[in-house]
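Taking it in order: structure first as structure tokens, then the write-up.
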Amino acid sequence: MPDATPITPPSDPTTPPAVTTPATPTGSTTVTTTLPPPPVVSNFLIAAVAGGLYEMTGDVTVNGVGAADMYVAFGGGPETLQGMSTMTDANGHFDVIVDFNEDGSDNGMATAQATDDYYQTSNLAMDYITI
């Protein structure tokens, strides 16, 4: 024989169940990361050495200090510079000898741009070359 315990009817299916929101943790810390300023390319020069050989030089700094092992990409109008790059030395200086084409395809504005470890790019340094 059943006992006299009343049966609780199921909840109303049209009423959404209560949702418990987790409490906000106390003592949480917000971390803010400040990136260094982007690199700066200065003193970018292209000088004839002999025949089609030219020397490209320049300096890369961050906060006025020479930036060691900084990636420098070259480009602009000269065909030979497309895809060419170098790294700075311990003082942030770069010095590259390039054998430019003497058929006119390398005449134009040459560029140098540095990229730091945070993928920040420098100014676009430029020098015009006529071969």
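Side chains are part of it too, since the values below use all heavy atoms of this structure and drop only hydrogens, waters and symmetry mates.
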Donor-acceptor pair, [X] side chain versus [Y] backbone, under 3.5 Å?
X    : Y    : result
D89  : H93  : yes
E79  : S105 : no
T88  : A67  : yes
T57  : D95  : no
T130 : N107 : no
S85  : A73  : no

Task: side chain to side chain contact (heavy atoms under 4.5 Å, CB included) evaluation trace for M87 with V72 - done: CA-CA 6 Å; M87 300 293 286; V72 180; over 6 Å; no

Open item on the list: With heavy-atom distances below 4.5 Å as the criterion, would you say the side chains of T115 and Q120 are in contact?
Closed with: no

- [ ] State, with a plain yes or no, whether a side-chain heavy atom of V60 is found less than 4.5 Å away from one of S122.
- [x]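 A side-chain contact is absent here, since even the closest heavy-atom pair is not under 4.5 Å.
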
- [ ] Apply side chain to side chain contact (heavy atoms under 4.5 Å, CB included) to M56 and L81, showing your working.
- [x] CA-CA 11 Å; M56 297 192 312; L81 294 182; 3.7 Å; yes

How long is the gap from [atom1] on [X] to [atom2] on [Y], to the nearest 0.5 Å?
X    : Y    : atom1 : atom2 : answer
T61  : N91  : OG1   : CG    : 12.5 Å
L124 : M109 : CG    : CE    : 9.5 Å
M126 : T111 : CE    : OG1   : 8.0 Å
Y71  : T86  : OH    : OG1   : 10.0 Å
E102 : I131 : CD    : CD1   : 7.0 Å

- [ ] Start with the C-alpha gap between T80 and D106, add the side-chain angles, then the distance that decides, and say whether side chain to side chain donor-acceptor pair (under 3.5 Å) holds.
- [x] CA-CA 6 Å; T80 299; D106 280 337; 2.4 Å; yes

When the side chains of residues 31-48 are checked against the rest of the protein, which donor-acceptor pairs come out under 3.5 Å, sequence neighbours left out?
residue, atom, partner, partner atom, Å
N43, ND2, D59, OD2, 2.8

TODO: Compute the centroid of each ring, for F94 and then for F74, and state whether the two points are separated by less than 6.0 Å.
DONE: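 Yes - the distance between ring centres of F94 and F74 falls below the 6.0 Å cut-off.
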
TODO: Mind jotting down which residue pairs meet the ring pair (Phe, Tyr, Trp, His ring centres under 6.0 Å) criterion with at least one end in residues 110-131? Sequence neighbours excluded, please.
DONE: none

TODO: Could you walk me through whether I129 and Y54 pass the side chain to side chain contact (heavy atoms under 4.5 Å, CB included) test, one step at a time?
DONE: CA-CA 10 Å; I129 182 168; Y54 285 74; 3.8 Å; yes

TODO: Answer yes or no: are there more than 12 heavy-atom neighbours, outside D117 itself, under 6.0 Å from its atom CG?
DONE: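 For D117, atom CG is not crowded (no more than 12 foreign heavy atoms under 6.0 Å).
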
